[in-house]
Amino acid sequence: MHSDLVATLVRWYEEEARELPWRRADRTPWSVLVSEFMLQQTQVSRVAPAFEEWMRRWPTPAALAAEPASEAVRAWGGLGYPRRARWLHGAAARIVEEHGGEVPSDVDALLALPGVGPYTARAVAAFAFGSRVPVVDTNTRRVIARAVDGNGDAAPPSTRRDLAAMERLLPADTRVAQLVNAATMELGAVVCTARAPRCEACPVAVHCAWRSAGYPAYEGPRRRVQATFAGSDRQVRGIVMRELRAAHRPVTRGELAPAWADAAQLERAIDTLVADGLAAEGAEGLALAE
DNA sequence: CTCCGGATAC
DNA sequence: GTATCCGGAG
């Protein structure tokens, strides 16, 4: 159906793919899992250094599981969404307990791990184990919407529909299917970007349905926009977490007060961090939860 | 009562 | 991206 598009895309990927730490030949299922956790909602440039450091310190699930979760959260640094660090630690523990220390290759087994959802489970199955399963992230969605369907790309995501769409693009050959998944994401990340697509440099421009249709704008239900970060509870939580990581001793709420002017919002942020199991409050104050 | 798709919140 | 909540669907 779209064999020319797909073949061209794969050829481009094999020539032009970025050299990223988690794509090296020495990668393991564990390193793939770690990178995918870090890449959830976080840009490549920010993940790379943290990934290297993490793998140096915890080269296996067992190594991570042997340490308290608080160490994982501390090492997570400023990557954001720190609950991912706890999930990754929890996943490592489960891998040790239930899978003999080996990352499972089965999508369903992966889905059972904390912090592993539809995207990550399939990404690990495909990129770590070479399974022929569709992998769909936001980049894939955009590329398919444009190049295949000829639409602008403000449509709300639909996991069911997008997985089916990707499935249809995958060739029978397992190895090539893996490349198609990776290449589609890569194109969306570096060429077919959301705001300013570089169509003049696109390797599959001649096969692009969006281009041949004259780049029509998307008409239909608009996707909701993400809340601004500045001043948000998310920002305040991030500030509190930074303080707790830096302090290797319990910190009182009073000591945290200077970190944020709005006292009520600060209290709320602290409360939610405790509720989320990221921070723990004892008699001496707050600390990273173990 | 399980299975979505939508809406949030991080 | 993932988890969680929630109302409608089967």
Side-chain angles (χ1 to χ4, degrees), chain A residues 22 32-47 50-51 69 72-73 76-92 94-95 107-128 133-144 153-166 181-182 184-186 188-189 194 220-242 244-245 260 265-279 288-289:
Chain A
W22 43 89
V32 171
L33 182 65
V34 169
S35 69
E36 293 298 350
F37 260 87
M38 292 183 170
L39 289 164
Q40 291 170 5
Q41 304 286 282
T42 304
Q43 309 84 320
V44 165
S45 61
R46 286 161 53 74
V47 166
F51 170 79
V73 174
W76 196 253
L79 284 181
Y81 294 116
R83 55 179 54 179
R84 289 181 292 165
R86 292 195 72 84
W87 285 336
L88 183 51
H89 181 271
R94 294 271 295 271
I95 290 167
V107 170
D108 289 324
L110 287 161
L111 280 172
L113 300 174
V116 174
Y119 166 76
T120 303
R122 290 163 184 283
V124 171
F127 304 139
V133 295
V135 182
V136 174
D137 75 344
T138 183
N139 290 311
T140 304
R141 289 198 169 93
R142 184 171 55 252
V143 170
I144 290 178
D153 54 291
S158 163
T159 303
R160 192 178 190 69
R161 165 174 57 68
D162 296 330
L163 281 177
M166 190 68 226
N181 277 313
T184 306
M185 288 173 53
E186 183 80 350
R222 297 249 112 196
R223 161 171 35 195
R224 63 190 181 292
V225 294
Q226 121 122 61
T228 46
F229 175 73
S232 68
D233 284 7
R234 241 186 84 209
Q235 181 184 20
V236 184
R237 283 168 56 105
I239 289 167
V240 172
M241 287 303 288
R242 172 156 51 71
L244 297 187
R245 286 199 307 273
W260 192 255
Q265 188 177 24
L266 179 61
E267 291 301 302
R268 190 165 67 240
I270 293 171
D271 290 342
T272 64
L273 286 169
V274 172
D276 286 350
L278 287 164
L288 295 178

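Below, chains carry the letters A, B, ... as their sequence lines are ordered, and counting in each starts from 1. These values consider heavy atoms only, across backbone and side chains, with no hydrogens, waters or symmetry-generated copies.
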Could you pull out the protein-nucleic contacts involving nucleotides 6-9 of chain C (nitrogen or oxygen on both sides, under 3.5 Å)?
none

Subject >> Partners passing side chain to side chain contact (heavy atoms under 4.5 Å, CB included) against A:Ala121 (at least two apart in sequence or in another chain) >> reply: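 A:Ala121: side chain to side chain contact (heavy atoms under 4.5 Å, CB included) contacts with A:Val107, A:Leu110, A:Leu111, A:Val116.
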Original post:
Taking only residues two or more places apart in sequence or in another chain, which ones pass side chain to side chain contact (heavy atoms under 4.5 Å, CB included) with A:Arg161?
Top reply: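 Side chain to side chain contact (heavy atoms under 4.5 Å, CB included) list for A:Arg161, sorted by chain: A:Ser158.
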**OP:** Applying side-chain hydrogen bond (donor to acceptor under 3.5 Å, both in side chains), name anything that partners A:Arg94, two or more places apart in sequence or on another chain.
**Re:**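 side-chain hydrogen bond (donor to acceptor under 3.5 Å, both in side chains) list for A:Arg94, sorted by chain: A:Glu98.
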Subject >> Residues that A:Thr120 engages under side-chain hydrogen bond (donor to acceptor under 3.5 Å, both in side chains), provided they are two or more places apart >> reply: A:Gln40
In whole Å, what is the span from the [atom1] atom of [X] to the [atom2] atom of [N]?
X: A:Trp76; N: B:dC10; atom1: CH2; atom2: C1'; answer: 13 Å
X: A:Gln265; N: B:dC10; atom1: CD; atom2: P; answer: 10 Å
X: A:Tyr119; N: C:dA3; atom1: OH; atom2: P; answer: 14 Å
X: A:Arg141; N: C:dG1; atom1: CZ; atom2: P; answer: 8 Å
X: A:Gln43; N: C:dG1; atom1: CD; atom2: P; answer: 11 Å
X: A:Ile239; N: B:dC10; atom1: CD1; atom2: C1'; answer: 15 Å
X: A:Leu113; N: C:dA3; atom1: CG; atom2: P; answer: 10 Å
X: A:Glu36; N: C:dT2; atom1: CD; atom2: C1'; answer: 13 Å

**OP:** Could I get the full list of ring pair (Phe, Tyr, Trp, His ring centres under 6.0 Å) partners for A:Trp22, not counting sequence neighbours?
**Re:** A:Phe51
Original post:
Taking for each residue the nucleotide of DNA chain B bearing the nearest heavy atom, is the 5' side occupied by A:Trp87 or by A:Arg160?
Top reply: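 Counting from the 5' end, the first nearest nucleotide belongs to A:Arg160.
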Subject >> Most 5' of A:Thr159 and A:Arg83 on DNA chain B, judged by nearest nucleotide >> reply: A:Thr159
Original post:
Less than 3.5 Å between a donor and an acceptor, one on the side chain of A:Gln40 and one on the base of C:dG1, is that the case here?
Top reply: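 By the distance-only test, no, there is no pair.
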Original post:
Is a side-chain N or O of A:Arg245 found less than 3.5 angstrom from the main chain of A:Gly77, in a donor-acceptor match?
Top reply: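 Such a contact is found between A:Arg245 side chain and A:Gly77 backbone.
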Original post:
Counting only side-chain N and O atoms of A:Thr120, is one of them less than 4.0 Å from OP1 or OP2 of C:dT2?
Top reply: yes
